[in-house]
Amino acid sequence: VHLMTGTGLVRAAPILSRWESHLVQTAIIGGIAGILAWSVAIPADGLKSRYQAASGQSSLLNLLQTLKAQGGLCQLYRGAGVVLVRAGPTNAAFFVGYEWTIRCIGGT
């Protein structure tokens, strides 16, 4: 999800003429891609954690019913704010590093 989002955003965004502007654009795209990727992964990870905590004593359907009774699917996003705030800068740096690496080894 992370790299697919980033690749799609790079293709959709107009490339600016100066390399520095391209660097900033790459960082912004990386930040957005990371936030979107974590937005998809957080609920699945939360559900997995709840299933593991149940130690096999509860089925997935039972966990979903309990989750609904405790406040709905929004419960899977508890604590997501910190993760999403961290995801922007971390993934921006990742994308810039990736771009520099590709440029240094002679890629496009």
Quiz prompt | Linked, directly or transitively: Tyr77 and Trp38 (ILVMFWY side chains, under 4.5 Å) | solution = yes

Quiz prompt | Heavy-atom side-chain proximity of Ser39 to Ile35 below 4.5 angstrom | solution = yes

Practice problem: For Phe95 and Ala33, work out which heavy atoms get closest and say how close. | Solution: CZ-CB, 4.1 Å

Quiz prompt | Qualifying residue, where the test is side-chain contact (heavy atoms from CB on, under 4.5 Å) with Arg50 and the options are Leu64, Leu76, Leu60 | solution = Leu76

Self-check item: Atom pair CG/CD1 of Leu23 and Ile28 - distance to nearest 0.5 Å
Solution: 10.0 Å

Exercise. Determine, using the 4.5 Å side-chain heavy-atom cutoff (strictly less than), whether Ile105 and Tyr98 are members of one ILVMFWY cluster.
Key: yes

Practice problem: Please test Val40 against Leu36 for side-chain contact (heavy atoms from CB on, under 4.5 Å), starting from the C-alpha separation and ending with a verdict. | Solution: CA-CA 7 Å; Val40 171; Leu36 291 175; 6.0 Å; no

Practice problem: Flag yes if Ile32 and Val85 sit in one hydrophobic cluster, no otherwise; membership is Ile, Leu, Val, Met, Phe, Trp, Tyr, and two members link when side-chain heavy atoms are under 4.5 Å apart. | Solution: no

Quiz prompt | Atom pair CG/OG1 of Leu61 and Thr66 - distance to nearest 0.5 Å | solution = 9.5 Å

Quiz prompt | Atom pair CG (Leu84) and CD1 (Ile42), whose distance is rounded to the nearest 0.5 Å | solution = 4.5 Å

Exercise. Look only at the side chain of Asn91 and the backbone of Ala87, and say whether a donor-acceptor pair between them is shorter than 3.5 Å.
Key: yes

